[in-house]
Amino acid sequence: MGAVATGATIWCTHFVAMSAYQPGVEVAYEPLLTGLSLGVAILGSAIALWIGARRPRASAMLGGGVFGLAVVSMHYLGMAAFAVEGVIHWSAAYVAASVVGAVLLGASAFEVTRRAGRNGATWPGALLMVGGIVVLHFTGMAAMTVVPFAPDAGQVTGDDARMVMAFAVAGVGLLVLGTGLSSHALDMQFRAHARARLEHLVEGSVDGMVVEQDGRILAANAAFADMVGVAHDALVGERLSRWIAQRDALFIDTLSVGALTQAALDLGDGRSIPVEIAVRRDAPEGGLPLMIYALRDLRARLAQERRITHLARNDSLTGLPNRASFLELLSRQTCDASIHDRVALLAIDLDRFKEVNDIHGHAAGDQLLVKIAERMKACLKPGEFIARLGGDEFVAVTPVQGRDEARDLADRLRAAIAAPVDLDHAEVSCGASVGVALWPDDAVEMSALINNADLAMYRAKASLTDRVCFYEEEMDKAVRERRRMVQQLREALDQDQFSLAWQVQAAVDTGEVTGYEVLLRWVQPDGTFVSPADFIPLAEESGLILPIGEWVLRKACAEAAGWAEPHKIAVNLSPIQLGHVDLPRLVHQVLVETGLSPSRLELEITETAMIADLDRTTHILRQLKLLGVSVAMDDFGTGYSSLSTLRAFPFDKIKLDRSFMSELDGGPQSAAIIRAVLALGESLEIPVLAEGVETLEQLHFLREQGCDEAQGYLLGRPKPIADSHIPDAALALWTEGEAPIPSRPRRDAA
């Protein structure tokens with residue numbers, strides 16, 4: 001449309017001027033060439049505008065030159081259509097001057113317009129363009145001389161030609177006006193569409209978006225208006241720097257395109273919003289550049305970062321510093337001897353906390369930890385530090401001069417922990433065991449200091465009187481001894497240093513052998529005997545009890561399978577073995593491999609092992625019963641001795657703890673308890689075996705009370721099966737009554 005308007009304007013200018021030209025003779029215009037000159041003007045203008053709109057700087061001057069040539073072509077083609085009754089002579093100098101003037105002024109018009117830009121002054125370029133057209137026309141007309149003679153009868157002449165040209169010029173003029181109006185309408189529509197698209201893009205962003213041109217806000221979205229608290233319509237025309245907290249007026253100009261810059265939006269009244277600003281520059285062709293700012297509100301992200309940082313250094317439940325914070329603080333305080341004379345590290349473990357979890361639930365346990373953490377934090381003095389490592393384990397660090405200051409902190413913390421806590425449905429309390437290690441007295445290395453404080457804490461937990469224990473070197477020795485014994489246990493299992501001993505069990509009324517209990521013995525290569533009371537707990541702590549227990553079960557079943565008499569064998573199960581899901585499968589596999597009848601195997605468990613997880617343990621015991629194995633409750637009378645346990649599972653035997661036999665002569669209480677247990681067994685139809693029988697008087701008492709079976713040193717000490725039998729002194733008891741003296745069990749040659 002620009003080409004049509006430009007070419008038609010040039011054509012109209014030419015023929016309006018030609019209408020006023022009076023050569024003194026009749027004139028005429030050849031229609032085809034006249035129309036062709038209009039087409040050349042429009043086409044030449046289109047080519048010139050297309051070249052001049054290109055990005056290279058030289059394009060403007062080149063396009064202007066083409067425009068000048070288009071004007072030249074239109075002029076002389078139009079003059080070729082001009083017919084007069086005479087001869088036309090041309091001046092080459094004037095023709096050349098007209099061409100050069102048109103080309104130079106056209107190139108100058110395009111270059112001046114390019115430099116002015118879209119929003120710059122357009123009149124200088126317009127004047128140069130008109131000047132080029134005028135120079136061409138009048139210089140070109142000056143180059144023409146008409147020598148009159150009679151006109152050609154085939155042409156439209158005189159007033160008729162002028163009338164035709166007037167109508168042609170009017171039509172083309174209307175074409176120019178229509179094209180101009182259409183171009184303006186399309187330009188306005190494009191601008192409105194572009195603005196609507198820009199607003200749509202800006203409003204579609206969740207971040208604040210601002211578009212500036214020439215330092216003024218051209219458009220902004222509702223998100224930015226909400227940020228700064230200004231009406232959306234009131235933003236247009238303002239400067240973005242008005243809301244930037246950095247009052248440097250050049251701050252906005254220093255923002256790098258494509259980079260992210262953090263700043264703050266000033267809302268007034270001392271309020272500000274942290275933001276992250278991204279800048280993009282859009283340079284439209286021939287216009288002022290657009291600066292597009294994206295402002296992201298950082299409040300949520302900064303709050304999340306603060307929370308992540310807090311969680312990285314603090315316990316999520318109690319809010320106390322965590323292990324990472326504790327290690328960092330302890331490292332700072334122990335890395336420089338000039339900071340403090342001594343540093344006390346307190347390892348704290350809550351007592352009876354597991355009971356709170358078991359009885360009231362884990363939610364109550366969490367509430368208790370939160371309350372205790374608040375109290376411990378409140379009782380700290382300046383310079384003291386408390387952290388939670390996990391579970392019910394805490395640590396405290398404080399600079400001290402000696403033990404008294406460390407004990408003072410330990411006493412304050414224990415008092416804060418021991419105070420009752422009101423939960424939603426109950427009042428609970430727990431105690432604390434505290435182990436203290438001093439730097440650099442007890443350790444120089446941080447890891448050693450932590451380890452020594454833990455050792456002291458475990459000593460305090462095992463003590464019945466002192467709940468605050470300071471580290472002593474002997475504790476290290478004890479730990480090293482335990483570790484050495486654990487290693488020896490592994491070697492004993494690998495090198496087959498274990499052996500089995502059997503203790504006979506007999507019926508109290510007849511003296512008949514009813515079975516044997518298998519007991520584990522450990523004799524080291526140097527002949528040293530290690531008591532089961534010493535190595536069994538270590539085996540349970542280290543997890544070696546599982547392979548050792550399997551070895552005992554397999555060895556005992558294999559040995560008993562070769563006996564001539566099918567006596568029962570009793571094998572003790574550790575609580576750890578009982579909690580293993582593969583126990584029924586293991587027992588079944590051992591019975592199949594050894595060929596021992598399941599009815600000859602009796603597994604002994606303690607009630608303490610059952611009570612830890614009654615449902616799970618009961619399920620495992622029922623699986624064992626389905627194999628045909630009998631189950632006995634060992635050490636009855638100690639621990640819980642709950643009747644509900646006897647009701648929960650149909651035990652095949654109750655073994656009365658040996659402590660009642662040893663105290664039988666000490667007073668009537670033990671005798672009363674034995675009678676009660678025997679009566680309980682009779683009412684439940686469960687046989688009762690009394691352990692620890694060492695005298696004839698004890699055996700006589702059991703016989704009078706109707707006890708089913710007995711076991712103890714009187715009947716036989718734990719020995720290899722070939723040497724295990726009932727002594728003659730015990731056999732004499734049965735000879736006094738009517739009961740026959742039982743014959744000793746026959747054994748195989750081995």
Side-chain angles (χ1 to χ4, degrees), residues 501-519 565 567-572 602-607 630-643 645-646 650-719 724-745:
W502 303 86
Q503 189 170 29
V504 67
Q505 299 172 341
V508 173
D509 56 349
T510 64
E512 181 183 358
V513 174
T514 57
Y516 293 87
E517 180 180 5
V518 62
L519 301 171
E565 295 292 336
H567 294 302
K568 267 196 168 187
I569 61 170
V571 180
N572 289 280
E602 181 178 85
L603 299 176
E604 297 184 359
I605 67 169
T606 61
E607 188 178 14
S630 56
V631 180
M633 179 182 287
D634 198 11
D635 298 336
F636 189 79
T638 61
Y640 295 94
S641 299
S642 171
L643 298 181
T645 307
L646 293 176
F651 286 95
D652 298 292
K653 185 183 293 184
I654 296 174
K655 297 190 71 174
L656 186 62
D657 189 71
R658 66 182 69 251
S659 60
F660 295 104
M661 288 292 101
S662 61
E663 298 174 3
L664 185 60
D665 298 332
Q669 292 85 359
S670 295
I673 292 175
I674 293 173
R675 292 190 186 97
V677 173
L678 293 174
L680 176 65
E682 183 179 1
S683 63
L684 295 176
E685 298 182 353
I686 302 176
V688 178
L689 182 147
E691 294 185 294
V693 179
E694 299 183 359
T695 65
L696 292 173
E697 290 76 11
Q698 294 171 349
L699 185 60
H700 183 73
F701 173 79
L702 293 174
R703 187 177 184 183
E704 288 180 346
Q705 300 303 321
C707 182
D708 298 289
E709 297 179 57
Q711 177 182 341
Y713 288 167
L714 177 65
L715 305 181
R717 291 179 176 272
K719 295 179 181 180
S724 180
H725 57 82
I726 300 176
D728 295 337
L731 291 175
L733 179 65
W734 284 288
T735 62
E736 296 174 359
E738 298 179 355
I741 299 174
S743 60
R744 295 183 181 179

For the residue pair [X] and [Y], establish whether any side-chain heavy-atom pair is separated by less than 4.5 Å.
| X | Y | answer |
| --- | --- | --- |
| Asp634 | Ile605 | no |
| Val513 | His567 | yes |
| Val518 | Ile569 | no |

**Study point:** Chi angles and distances behind the side-chain contact (heavy atoms from CB on, under 4.5 Å) call for Leu702, Ile674
**Key:** CA-CA 9 Å; Leu702 293 174; Ile674 293 173; 4.2 Å; yes

Donor-acceptor pairs under 3.5 angstrom involving side-chain atoms of residues 689-698: please list them, not counting sequence neighbours.
residue, atom, partner, partner atom, Å
Glu691, OE2, Lys655, NZ, 3.2
Thr695, OG1, Gln698, N, 3.2
Gln698, OE1, Glu694, N, 2.8
Gln698, OE1, Thr695, N, 3.4
Gln698, NE2, Met661, O, 2.9

Practice item. Check Phe636 against Phe660 and note the closest heavy-atom contact, atom names and distance. Key: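 Closest approach of Phe636 to Phe660, heavy atoms only: O-CE1, 3.8 Å.
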
Review point. Between Leu699 and Ala710, what is the shortest heavy-atom contact and its length?
Key: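 Answer, listing the atom of Leu699 first, then Ala710: CD1-CB, 4.2 Å.
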
For [X], give me all partners under side chain to side chain donor-acceptor pair (under 3.5 Å), at least two apart in sequence or on another chain.
| X | result |
| --- | --- |
| Glu704 | His700 |
| Thr606 | none |
| Asp708 | none |

Review point. Does Leu519 have any side-chain contact (heavy atoms from CB on, under 4.5 Å) partners at least two apart in sequence or in another chain, and if so, which?
Key: Gln503, Glu517, Arg521, Asn572, Pro718

Check your understanding: Who passes side-chain contact (heavy atoms from CB on, under 4.5 Å) against Gln705, sequence neighbours left out?
Key ->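 Counting only residues at least two positions away or on another chain, Gln705 forms a side-chain contact (heavy atoms from CB on, under 4.5 Å) with Arg675, Leu678, Phe701.
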
Check your understanding: About how many Å separate CG of Leu656 and SG of Cys707, when rounded to the nearest 0.5 Å?
Key ->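 If we round to the nearest 0.5 Å, Cys707:SG and Leu656:CG are 7.5 Å apart.
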
Practice item. Give a yes or no answer on whether the side chain of Asp652 reaches the backbone of Val631 with a donor-acceptor pair at less than 3.5 Å. Key: yes

Check your understanding: What residue among Glu604, Lys568, Glu602, Met633 forms side chain to side chain contact (heavy atoms under 4.5 Å, CB included) with Lys653?
Key -> Glu602

Exercise for review: Answer with yes or no whether the side chains of Gln505 and Thr514 bring together a donor and an acceptor at under 3.5 Å.
Suggested key: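 Per modelled atom types, Thr514 and Gln505 side chains form no pair under 3.5 Å.
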
Practice item. Name all residues meeting the ring pair (Phe, Tyr, Trp, His ring centres under 6.0 Å) criterion together with Phe651; count only those two or more places apart in sequence or in a different chain, and write none if there are none. Key: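 Partners of Phe651 by the ring pair (Phe, Tyr, Trp, His ring centres under 6.0 Å) criterion, ordered by chain and then number, come out as Phe649.
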
